[in-house]
A.B. asks: 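So that we are looking at the same thing, I have put the structure below in structure tokens.
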Amino acid sequence: FLPVLGLLSLIATIRLLRSGRRVAWVIWILVNLAGWYVYYYLALLTVGESLGLLLVALGVFGNGRGRLAWSTWLGANLALGVGYLPWLAMIARGAIGSSLALPPETETHLSPVEYLLEVGRVFTVGFTSPPAGDLLLAAWLILALAGTILLARRNPIVAVLLISSAVVPI
């Protein structure tokens with residue numbers, strides 16, 4: 001279900017870039033909030049999309065200045081935060097009196113490179129790597145980069161969305 005919500009979020013972002021209408025902003029907010037409530041890691045994708053939308057609203061990419069206003073962008077991001085507040089309140093209530101100590105089996109990373117490789121594995125092939133997991137990870141990275149380059153030739157903001165949605169989790 002998570003990939004479906006991620007795809008819907010990207011589709012909503014692209015529709016928003018094309019139209020810039022209020023209804024597109026509302027759909028973008030609702031899709032992302034649904035994703036946050038189902039799987040909070042989807043907020044990382046939302047951050048990447050939001051950065052791309054801000055760059056368009058500021059006129060860095062395309063002629064989004066006419067379609068996207070930074071004030072509307074700010075309002076949409078505030079709406080996301082307000083929409084997620086009930087869940088944050090529940091988490092805070094549940095955290096009162098709990099220990100923040102890490103369990104002994106918690107994995108530690110000795111270097112930033114090991115950390116980045118682990119995050120890359122988890123977000124691509126999963127927590128438990130299949131046989132030849134490193135080979136699958138390398139193939140996935142090559143395909144993702146090739147696709148990003150091809151899409152960037154047609155529309156630079158697409159490349160920004162893809163790169164920021166991949167870099168933000170790291």
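Everything quoted here is computed from the prediction, not taken from an experiment.
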A.B. asks: If we only count heavy atoms from C-beta on, is the E49 to L16 side-chain gap below 4.5 Å?
C.D. replies: no
A.B. asks: Under the side-chain contact (heavy atoms from CB on, under 4.5 Å) test, which residues partner R15, sequence neighbours left out?
C.D. replies: I11
A.B. asks: Enumerate, atom names and distances included, each donor-acceptor pair closer than 3.5 Å involving a side-chain atom of residues 71-84, sequence neighbours excluded.
C.D. replies:
| from | atom 1 | to | atom 2 | distance (Å) |
| --- | --- | --- | --- | --- |
| W73 | NE1 | S50 | O | 2.9 |
| W73 | NE1 | S50 | OG | 2.9 |
| N77 | OD1 | S50 | OG | 2.9 |
| N77 | ND2 | S50 | OG | 3.2 |
| N77 | ND2 | W73 | O | 2.8 |
| Y84 | OH | W87 | NE1 | 3.4 |

A.B. asks: Nearest heavy-atom pair of A24 and S19: which atoms, and what distance?
C.D. replies: CB-OG, 3.5 Å
A.B. asks: Are I29 and L44 linked, directly or through intermediate hydrophobic residues, by side-chain heavy-atom contacts shorter than 4.5 Å (ILVMFWY only)?
C.D. replies: yes
A.B. asks: Connecting only ILVMFWY residues whose side-chain heavy atoms lie within less than 4.5 Å of each other, what is the rest of L30's hydrophobic cluster?
C.D. replies: V26
A.B. asks: Hydrophobic clusters join Ile, Leu, Val, Met, Phe, Trp and Tyr when side-chain heavy atoms are under 4.5 Å apart, directly or via other members; which others share one with L143?
C.D. replies: none
A.B. asks: Side-chain heavy atoms nearer than 4.5 Å, only ILVMFWY residues, links allowed to pass through others: does that put L33 and M90 together?
C.D. replies: yes
A.B. asks: Check V31 against L8 and note the closest heavy-atom contact, atom names and distance.
C.D. replies: CG1-C, 3.7 Å
A.B. asks: Any idea which heavy atoms bring G35 and L5 closest together, and the distance?
C.D. replies: CA-CD1, 3.8 Å
A.B. asks: Can you name the nearest heavy-atom pair linking G6 to L42, along with the distance?
C.D. replies: CA-CD1, 3.8 Å
A.B. asks: Using a cut-off of 6.0 Å, state whether more than 12 heavy atoms not belonging to Y37 lie near its atom OH.
C.D. replies: yes
A.B. asks: Among the clusters formed by ILVMFWY side chains lying less than 4.5 Å apart, do L68 and L54 turn up in the same one?
C.D. replies: yes
A.B. asks: Transitively linked via ILVMFWY side-chain contacts under 4.5 Å: W25 with W70?
C.D. replies: yes
